[in-house]
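A short write-up of the structure that comes next.
Each ligand, and each atom within it, is numbered from 1 in the order the structure gives.
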Amino acid sequence: MKNRYVVIGGIAAGMSAASRIRKVEPGAEVIVFEKGEFISYGACSMPYYISNPDGNYKDLIVLTVEDAKNKRGIDVRTNHLVIGISVNERRVFYKDLISGKEKSINYDRLIIATGASPVKPPIAGVDNENVFSLRTLDDGIAIKKFIAENNPKKAVIVGAGYIGLEMAESFRERDMDVTILEMLEKPMPNYNPEIIDLILKTLEDNGVKAYFNTKVERIDDKKVVTDKAEFDADIVLLATGVKPNSKLAKESGIELGVNEAIAVDSKMETSVSGIYAAGDCAESIHRITNRKIYVPLGTVANKHGRVAGLNAARELTRFPGAIKSAEFKLFDKEVASCGLTLSEAFEQGFDPVEVSITASSSAHGYKYKYPIQVAMIGDKKTGKLLGCQMIGKTGVAHRINIVATAIFNGNTVKEFSMFDLAYAPPFSPVWDPVLVAANVLGGKLK
Ligand code: FAD
Ligand code: NAD
């Protein structure tokens, strides 16, 4: 008899897992329950879909429901909400959101890939019709529709994290006045101060007003009221972080771990044998510290899903850990980071040293060259490379991955400083900016 695999959630982690299972065990029955209308879309592209008036949401969909069914043989059931799991009976209970009917189905193995949900501040007005979060494709479509129908002139973004900063550019592209309100004293709070200053300068240069140490008290009709001042707002975006969707797992007796995410081992198996969890609903392990962390990133979700799917289909694979590699575009700048920040390195018991250097994106004699600011962190005790952050107009987003590779592999700063990196004048100086930073850092670690 063929095995039946049930997957809850049909985006990055869920569809990666489902696809892997079908690949390893082509005869298996794979059912994906997704409460929304869409599966397998690139949420990461939504800021650019919103900024482009001609952008079509269909371009964000990587795999349609039809292709998942017909080409990959996955039984995708959209508009189906899973409402319970009986771990003893190996059964999930679900509701067809179109017909309203509730049913249940048994499984041999289960993968929970329920993702995360936006955190909304507990204040009045967050459900007003001009107030949005950005998480699902439905959210992106709703924001774009609101802009088309209402032509908002003033946008207030609450939160200066990844979504807040990316959406500041997106709203400016749509000709809005943009104000960011952040409760902490700076954006990207753990970053090196010189990199933060360049982020702030980039916002200022592009006409974005940003207020820090600012507490939002309520949202009135077209106004955001804070402890400092009131801000006019035709549209409000709440970009105040995410929390894992782990309630379903918790209610069925599955253990939660760090940040209330579902606890998993390196096979992505939960505390209940035969049940796996992957993506933004699950915890990760930090490759440098070996401690549990929560990393709600698409890069990690895809790998989690792959590992969970392979193990569910009995092909032993381990998730090797994450180092929080991430990057984003801020107007004309690329901002990127990987590994530990200086404060995280101190918290984790290292003896960290940080250097911050400015180097050129291209060789001295090349016509087009721009400064790149590199902050790099190493450990005095072991000499290991621990972390890096960068900002610059060009050559940052891909360059961070060289450093990420070295950190992932456990290289020392000294080893990294002699990496044989390619060079030609349009692409870098003969000593690449990351190698210059490593050389300076190496000197301080002695
Ligand atoms: P989700 O995408 O949250 O999918 C979970 C799915 O499960 C949802 O569709 C939900 O409807 C469904 N579900 C939940 N509960 C149930 C239930 N009970 N029954 C049925 N279905 C259920 N990451 C990067 O690495 N780089 C980026 O540049 C980047 N940019 C981003 C930009 C934006 C605007 C956003 C919002 C996110 C961005 N991310 C980025 C993060 C990335 O999108 C997420 O990490 C990724 O989508 C997580 O995938 P997931 O499958 O774990 O969860
Ligand atoms: P975030 O954690 O990046 O930032 C949230 C920000 O909101 C923080 O600066 C926090 O201090 C602030 N905040 C929280 N409550 C507040 C309040 N009441 N008032 C004012 N400020 C408040 O979260 P996000 O921007 O919502 O993004 C969610 C997740 O999506 C990120 O953690 C990231 O993993 C992922 N993401 C990644 C990328 C990328 O890699 N390029 C882009 C977008 C989103």
Side-chain angles (χ1 to χ4, degrees), residues 7-17 32-50 77-85 92-95 97 112-123 126 133-140 143 157-167 170 180-190 211-217 224 226 237-249 261 277-282 294-302 304-305 324-330 335-337 397:
V7 179
I8 312 172
I11 313 300
M15 289 310 292
S16 295
V32 176
F33 289 109
E34 167 54 57
K35 71 176 173 184
E37 192 185 334
F38 305 107
I39 59 158
S40 198
Y41 55 80
C44 316
S45 296
M46 287 194 294
Y48 312 103
Y49 155 71
I50 293 168
R77 304 188 191 179
T78 49
N79 296 302
H80 277 66
L81 172 72
V82 173
I83 50 179
I85 305 166
V92 294
F93 300 83
Y94 62 91
K95 182 174 182 173
L97 297 174
I112 304 173
T114 45
S117 295
V119 175
K120 286 189 185 182
I123 53 168
V126 290
S133 295
L134 180 59
R135 175 74 197 177
T136 63
L137 188 50
D138 289 316
D139 295 334
I143 292 172
I157 297 173
V158 185
Y162 285 96
I163 293 179
L165 294 175
E166 287 185 348
M167 285 305 296
S170 181
I180 300 180
L181 306 175
E182 165 62 52
M183 67 179 183
L184 301 178
E185 62 176 335
K186 46 197 168 185
M188 300 288 157
N190 288 327
Y211 297 85
F212 296 90
N213 292 314
T214 299
K215 193 170 181 301
V216 176
E217 291 178 337
V224 178
T226 75
L237 179 72
L238 302 173
T240 45
V242 291
K243 57 174 187 303
N245 293 329
S246 53
K247 194 162 161 257
L248 187 66
D280 284 9
C281 64
Y294 181 59
V295 194
L297 285 171
T299 47
V300 172
N302 276 284
H304 272 185
K324 296 213 262 185
S325 305
E327 59 195 20
F328 63 97
K329 179 173 176 291
L330 188 65
V335 189
S337 67

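Close approach to Phe33 involves these atoms of ligand 1, each under 4.0 Å from a residue heavy atom: 20 (C), 21 (N). Atoms of ligand 1 found under 4.0 Å from any heavy atom of Leu81, numbered from 1 in the order shown, are 17 (C), 18 (N), 19 (N). Using a 4.0 Å cut-off to heavy atoms of Gly279, the atoms of ligand 1 that qualify are 52 (O). Proximity to Ala116 (heavy-atom distance under 4.0 Å) selects the following atoms of ligand 1: 3 (O). Against a heavy-atom cut-off of under 4.0 Å, Leu297 is close to the following atoms of ligand 1: 23 (N), 24 (C), 25 (O), 45 (O). Every atom of ligand 1 with a heavy atom of Ala301 under 4.0 Å away is listed here by number and element: 48 (C), 49 (O), 52 (O). Counting atoms of ligand 1 from 1 in the listed order, those under 4.0 Å from a heavy atom of Ile11 are 2 (O), 4 (O), 6 (C), 8 (C), 9 (O), 51 (O). Close approach of ligand 1 to Pro296 is summarised as follows: ligand atoms under 4.0 Å from at least one heavy atom of the residue are 41 (C), 45 (O).
Taking 4.0 Å as the cut-off between side-chain N and carboxylate O, Arg135 and Asp280 count as a salt-bridged pair.
In terms of polar-atom proximity, Arg135 is counted as a contact of ligand 1, with an N or O under 3.5 Å from an N or O of the ligand. Any N or O atom pair closer than 3.5 Å counts here, and Pro47 shares no such pair with ligand 1. In terms of polar-atom proximity, Gly298 is counted as a contact of ligand 1, with an N or O under 3.5 Å from an N or O of the ligand.
Taking atom 40 (C) of ligand 1 as the reference point, the nearest protein heavy-atom neighbour is Cys44 SG, 3.2 Å. Summary of contacts: the protein heavy atom closest to atom 18 (N) of ligand 1 is Val82 O, 3.0 Å. The shortest contact between atom 36 (C) of ligand 1 and any protein heavy atom is with Leu134 O, 3.4 Å. Among all non-hydrogen protein atoms, the one lying nearest atom 22 (C) of ligand 1 is Lys35 CG, 3.9 Å. Ranking protein heavy atoms by distance to atom 44 (C) of ligand 1, first place goes to Asp280 OD2, 3.4 Å. For atom 12 (C) of ligand 1, the closest non-hydrogen atom on the protein side is Glu34 OE1, 3.3 Å. Ranking protein heavy atoms by distance to atom 49 (O) of ligand 1, first place goes to Ala12 CB, 3.5 Å. Among protein heavy atoms, the minimum distance from atom 37 (C) of ligand 1 is reached at Ala43 CB, 4.3 Å.
A side-chain donor-acceptor contact under 3.5 Å links Ser170 to the backbone of Pro47. Under a 3.5 Å cut-off, the side chain of Glu327 and the backbone N or O of Val335 do not form any donor-acceptor pair. His304 contributes no side-chain N or O that, together with a main-chain N or O of Ala278, makes up a donor-acceptor pair within less than 3.5 Å. Side-chain atoms of Tyr41 come within 3.5 Å of backbone N or O of Leu137 as a donor-acceptor pair.
Heavy atoms of Ala113 found under 4.0 angstrom from ligand 1 belong exclusively to the backbone. For Ile8, every heavy-atom contact with ligand 1 shorter than 4.0 Å involves the side chain, none the backbone. Looking at Cys281 against ligand 1, nothing comes within 4.0 Å, counting heavy atoms.
When all heavy atoms of Lys35 and Leu97 are compared, the pair lying nearest together is O-CD1, 3.4 Å. Residues Val92 and Val82 approach most closely at CB-CG1, 4.3 Å, considering heavy atoms.
Atoms CD1 and CE, from Ile143 and Met46 in turn, are 7.5 Å apart once rounded to the nearest 0.5 Å. Rounding to the nearest 0.5 angstrom, the gap separating the NZ atom in Lys243 from the OH atom in Tyr294 is 10.0 Å. The CG atom of Leu238 sits 5.5 Å away from atom OG1 of Thr240, with the distance rounded to the nearest 0.5 Å. Between the CZ atom in Phe33 and the NZ atom in Lys95 there is a gap of 14.5 Å [rounded to 0.5 Å]. Taken to the nearest 0.5 Å, the CD atom of Glu166 stands 9.0 Å off from the CG atom of Leu134. Going from atom CD of Glu217 over to atom CD1 of Ile123 covers 9.0 Å, rounded to the nearest 0.5 Å.
Heavy-atom distances between His80 and ligand 1 reach below 4.0 Å in at least one pair.
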Side-chain donor/acceptor pairs under 3.5 Å, residues 112-122, sequence neighbours excluded:
unit_1: Thr114; atom_1: OG1; unit_2: Asn245; atom_2: O; d: 2.7
unit_1: Ser117; atom_1: OG; unit_2: Asn245; atom_2: OD1; d: 2.6
unit_1: Ser117; atom_1: OG; unit_2: Asn245; atom_2: ND2; d: 3.4
unit_1: Lys120; atom_1: NZ; unit_2: Asp127; atom_2: OD1; d: 3.3

Please tabulate, one line per pair, the protein nitrogen or oxygen atoms found under 3.5 angstrom from a nitrogen or oxygen of ligand 2, with distances to 0.1 Å, or say none if there are no such pairs.
unit_1: ligand 2; atom_1: 3 (O); unit_2: Tyr162; atom_2: N; d: 3.2
unit_1: ligand 2; atom_1: 7 (O); unit_2: Ala239; atom_2: O; d: 3.4
unit_1: ligand 2; atom_1: 9 (O); unit_2: Glu182; atom_2: OE1; d: 2.7
unit_1: ligand 2; atom_1: 9 (O); unit_2: Glu182; atom_2: OE2; d: 3.4
unit_1: ligand 2; atom_1: 11 (O); unit_2: Glu182; atom_2: OE2; d: 2.6
unit_1: ligand 2; atom_1: 21 (N); unit_2: Met183; atom_2: N; d: 3.3
unit_1: ligand 2; atom_1: 23 (O); unit_2: Gly241; atom_2: N; d: 3.4
unit_1: ligand 2; atom_1: 25 (O); unit_2: Tyr162; atom_2: N; d: 3.3
unit_1: ligand 2; atom_1: 25 (O); unit_2: Ile163; atom_2: N; d: 2.9
unit_1: ligand 2; atom_1: 26 (O); unit_2: Gly241; atom_2: N; d: 2.9
unit_1: ligand 2; atom_1: 34 (O); unit_2: Pro296; atom_2: O; d: 2.8
unit_1: ligand 2; atom_1: 41 (N); unit_2: Glu166; atom_2: OE2; d: 3.0
unit_1: ligand 2; atom_1: 41 (N); unit_2: Glu327; atom_2: O; d: 2.8

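Side-chain contact check for Asn302 and Ser16: at least one donor-acceptor pair (N or O, by modelled atom type) lies under 3.5 Å.
Under the side chain to side chain donor-acceptor pair (under 3.5 Å) criterion, Ser246 pairs with no residue at all, not counting sequence neighbours. With sequence neighbours left out, the salt bridge (charged side-chain N to carboxylate O under 4.0 Å, His left out) criterion links Lys215 to no other residue.
Nearest-heavy-atom check against atom 16 (C) of ligand 1 across Thr114, Thr136, Ile39 picks out Thr114.
Under the 30°/60° scheme for interplanar angles, the aromatic rings of Tyr162 and Phe328 are found to stand perpendicular.
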